[in-house]
Every structure is written in C-alpha cells, then in structure tokens.
Enquirer: 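Sending over a structure as structure tokens; questions will come in a sec.
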Amino acid sequence: MRTVSILGSTGSIGHSTLEVLPELADTHRVTSLVAHSNAAKIVAQARQVRPQVIGLADPAAALRAERDLSREGIEVLSGPDVAVQVLRATRPDLVVAAITGAAGLPASLEAVQGGAVLALANKEALVMAGRQLTHLARAHHASIVPVDSEHSAIFQALHGEDPAGVRRLILTASGGPFLDLPPERFASITPDMALRHPTWKMGRKISIDSATMMNKALEIVEACWLFAVAPDAVDVLIHPQSIVHSMVEFVDGSILAQMGVPCMTVPVRYALSYPRRAPTASRYFDAARFATLTFAEPDRERFPALALGHHVARQGGLAGTVLNAANEVAVAWFLEGRTSFNAITETAARVLDRMENASEPSLERIVAADSWARAEAERCLRNNS
Ligand code: NDP
Ligand code: MG
C-alpha cells in the first residue's frame, strides 16, 4: 500500500486525483488532504476517503472543519505552513502537489526531503526554486513525476531513452481562448472571457496563465529543470485540439509524442501509478473522432509572455522567482478587475527588467526576491509604469 497526501485537494487537480484514486484502491490509500479555506469541500472529501489528517491554511475554516469532523477521528491541522505540518505528521510515500503558486513551494521541498515521490502539478515551485527542488530530490532519493500534461507526455516519451539521443522537447500549447483574437481587442479582455478555456477546465490562476500564454513560459522553465535540458532545446508549438500533449524529437529524426483526451486524470493516473500503468474505467481515446490535428508556430507578438519563458530559463538565478511572483500579483489584480489583460505580461516584463540577479541563490535569497518582485509588481500596477 502506498500512502498518499493530496495538497490542494479541493482544487481542479485535487478533484482529478480523487477521481482516479478509487481505481487504485488496492494499491493506494489517502492519509492526508490539504486545502486553503474550502472547509465544506474538504470535510466532504474527508468523509469519503477517511484520511488520518486534514489541513486548512485558514484558521477559521479549520475550526469549522474540526467542528464537523469532531466525531470522526480525523485530526485537523491549520496555519500558513499547514501543508508542511501535514507531511511531517503523516510521512506519505507519495505527495500530489496541487497547491497553486509560490504557496506550494515549502511543501514540495518538504516532500522531497522526506524521500517521497512528488507528483508535481505545482509548476510554480519549480520555476521559483528549480535548482533547490531538483537538488534536494536527488540528495534524498526522491523522484519528481510531473502531473502537468505536457511534462507528463515528455516524461513518458523519454522513458528508457539515453539523454544523449534527445535533440529537442516540443511543448504543445492549445493557444488558449484568444488564439485567434485580433490584437486590437486584447485591451478589452475581461476575466470572464479569459477564464473560458476552450479545451481544459482548470483553476482560475492557471486559466489566466493559459490565456496570456504565461503558462507556456512557466512550462519552458519547468521543462528545463525537470529534464535537465538547455532552454534552446525547448520549443513551443500551437496545437488547438490538445490531443498531442507534447513531443520529444531525437537526433535520428524520430519524434515520440504522447496522445490522449484532454483530461487531467490521464497524467494524474500516470503519476500516481508510475512506474506501472494502471487500467482505467473511464473513456479511452478514440483517434477516429479527431480526424484533424493541426500544429502551428505561436504568434510571439500577440503573446509576448512566451518570450519571457526562454528569457528567464537562460538568465537562471532569481529570474524564475521574479517572473513567477510578478505574474501571480498581476493575475490577482486582473481577476479582481483592477488591471487590464495586457498589463499582466507588461508588469512581469518590467519587474524582470528591474531585478538584480544572483547565480545559484540560496533559498533565503529566493524568498527575498519573491517578496521584492511582489512589491515591485504592486508598484508597477498602481502607477501603471
Ligand atoms: P485550483 O485553484 O483549482 O486549486 C488550488 C488548490 O490549492 C485548492 O485546493 C486550494 O484550496 C489550495 N490552496 C491554495 N492556496 C493554498 C495554501 N496557501 N495552502 C494550502 N492550500 C492552498 O488550482 P488547480 O488545481 O487548477 O492548479 C493547482 C496547481 O496545478 C497549479 O500550480 C497549476 O499551475 C497546476 N496545474 C493545473 C492544471 C489543471 O488542469 N488544473 C494542469 C497543470 C498544472 P481552497 O479550495 O480551499 O482555496
Ligand atoms: Mg500544462
């Protein structure tokens, strides 16, 4: 039996994970769940999967959950570092890291230091502190298995391959809801428009990232850390149908692609059962229904965020931390209706321009750079400069 902790259980990836786990009931048992403040949902989940411990970052929500679960023998923890507390209390074999944003980093670091398999959806942790996370994973014999669909595809295509035979990683991108929107209409994009993704149903932050294509920028950096490749060996290709989840090109001219329905249960199932493959009760991919698969170069002028991915991956040091933090702040402002869609990428680019970099920064410097970039982004957004 492998024990599993789901960090971010009430979110979109958490939901997909809980959908897959009944298929793995013979081999996997959930021992903890963590969320931010959605007490009603985590209590319902806890009644279903019967973990030992649940955690809510928000103390008031934790009190509500504790009251609801008082007779059920499930411990409730709380506080800003609740995910780390829960991992220390339960020491799971496998951690599904599906907290959004930089808030997920401490728990991912804790998971690898505990030698767990880290099923990583929280790409922001790698963008922010990829060197620390991958070094610690190696030092503690922990493995990182990507949940992000593109990286799961590449991970699968690379399985058993000699890294020397790899020429290029090709990340596919749906292009998001504004793939064909004329540039003059970008200024009037509202949060509602941006939240309507054509092929994936996801949490709010990543939906906005997909609309700006900042998501693909973050994924370029994520790929560099996960697969130890140079930034120039990572390319992006628009593929609106989201059937080919990504590809690896080898030096002999072969390309291996992983395909499937655009549904996160597939990469989640793979990450949970890796290195095995577990059968599923849900629908299989019917290639005949997708007679047309198209691929195109991205429009880098309409989606300037894309260039920031390669820029940051080449810069290294604190650049990923700064890009991620500035983007998180700008996305929050946009979702609150306080700034325009275009301001998200503009803000990220401005803050990156003003940063002071450092090579191989310590975790303390990373945390300081994250705070600096958040404050600088706020300043840019307030002054619109
Ligand atoms: P959601 O917004 O749907 O869910 C986020 C989850 O994290 C919720 O359970 C939320 O709890 C919890 N959470 C947020 N902040 C904290 C905190 N400080 N402490 C504890 N828990 C917290 O996001 P998604 O599921 O869409 O995305 C999660 C991660 O996975 C992101 O990093 C995203 O980039 C990545 N990802 C997502 C994909 C998708 O299809 N959704 C695809 C690929 C990657 P609460 O509900 O209480 O607020
Ligand atoms: Mg992805």
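Numbering starts at 1 and runs along the sequence shown. Just follow the structure's listing: the first ligand is 1, and inside any ligand the first atom is 1.
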Enquirer: Check whether Q45 reaches the backbone of L33 with its side chain - one donor and one acceptor, N or O, closer than 3.5 Å.
Expert: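 Answer holds: no.
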Enquirer: Given side chains that start at C-beta, do those of V248 and V166 come closer than 4.5 Å, heavy atoms only?
Expert: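 Yes; the side chains approach each other to less than 4.5 Å.
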Enquirer: Is the side chain of H28 donor-acceptor paired with the backbone N or O of L272 at a distance under 3.5 Å, no angle test?
Expert: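 Looks like yes, one N/O pair under 3.5 Å.
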Enquirer: Sub-3.5 Å donor-acceptor pair from the side chain of D370 to the main-chain atoms of V322, do we have one?
Expert: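 Flag not set: sc D370 to bb V322 has no pair under 3.5 Å.
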Enquirer: For N/O/S atoms only: which one belongs to E219 and is nearest the Mg ion (ligand 2)?
Expert: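 Relative to the Mg ion (ligand 2), the closest nitrogen, oxygen or sulfur of E219 carries the name OE2.
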Enquirer: For ligand 1, what N or O to protein N or O distances fall under 3.5 Å?
Expert:
unit_1	atom_1	unit_2	atom_2	d
ligand 1	3 (O)	S12	N	2.9
ligand 1	9 (O)	G8	O	3.3
ligand 1	9 (O)	T10	N	3.3
ligand 1	9 (O)	T10	OG1	2.6
ligand 1	9 (O)	G11	N	3.0
ligand 1	11 (O)	T10	OG1	3.2
ligand 1	11 (O)	H36	N	2.9
ligand 1	21 (N)	H36	N	3.3
ligand 1	23 (O)	T100	OG1	3.1
ligand 1	25 (O)	S12	N	3.1
ligand 1	25 (O)	I13	N	2.9
ligand 1	26 (O)	G203	N	2.8
ligand 1	32 (O)	E124	OE1	2.6
ligand 1	41 (N)	S12	OG	3.1
ligand 1	46 (O)	T10	OG1	2.6
ligand 1	47 (O)	H36	N	3.0
ligand 1	47 (O)	S37	N	2.7
ligand 1	47 (O)	N38	N	2.8

Enquirer: By atom name, which N, O or S atom belonging to E150 lies closest to the Mg ion (ligand 2)?
Expert: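 Output for this pair reads OE1.
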Enquirer: For T280, what residues pass the side chain to side chain donor-acceptor pair (under 3.5 Å) criterion, not counting sequence neighbours?
Expert: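 With neighbours one apart ignored, the set is E23, R269, S282.
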Enquirer: When you measure from the side chain of D148 to the backbone of H151, do you find a donor-acceptor pair of N or O atoms at a distance under 3.5 Å?
Expert: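 Pair absent, no side-chain N/O of D148 close to backbone of H151.
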Enquirer: Is the shortest heavy-atom distance from the side chain of L94 to the side chain of T3 under 4.5 Å?
Expert: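 A side-chain contact is absent here, since even the closest heavy-atom pair is not under 4.5 Å.
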Enquirer: Among the N, O or S atoms of D148, which one sits nearest to the Mg ion (ligand 2)?
Expert: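 Result for D148 and the Mg ion (ligand 2): OD1.
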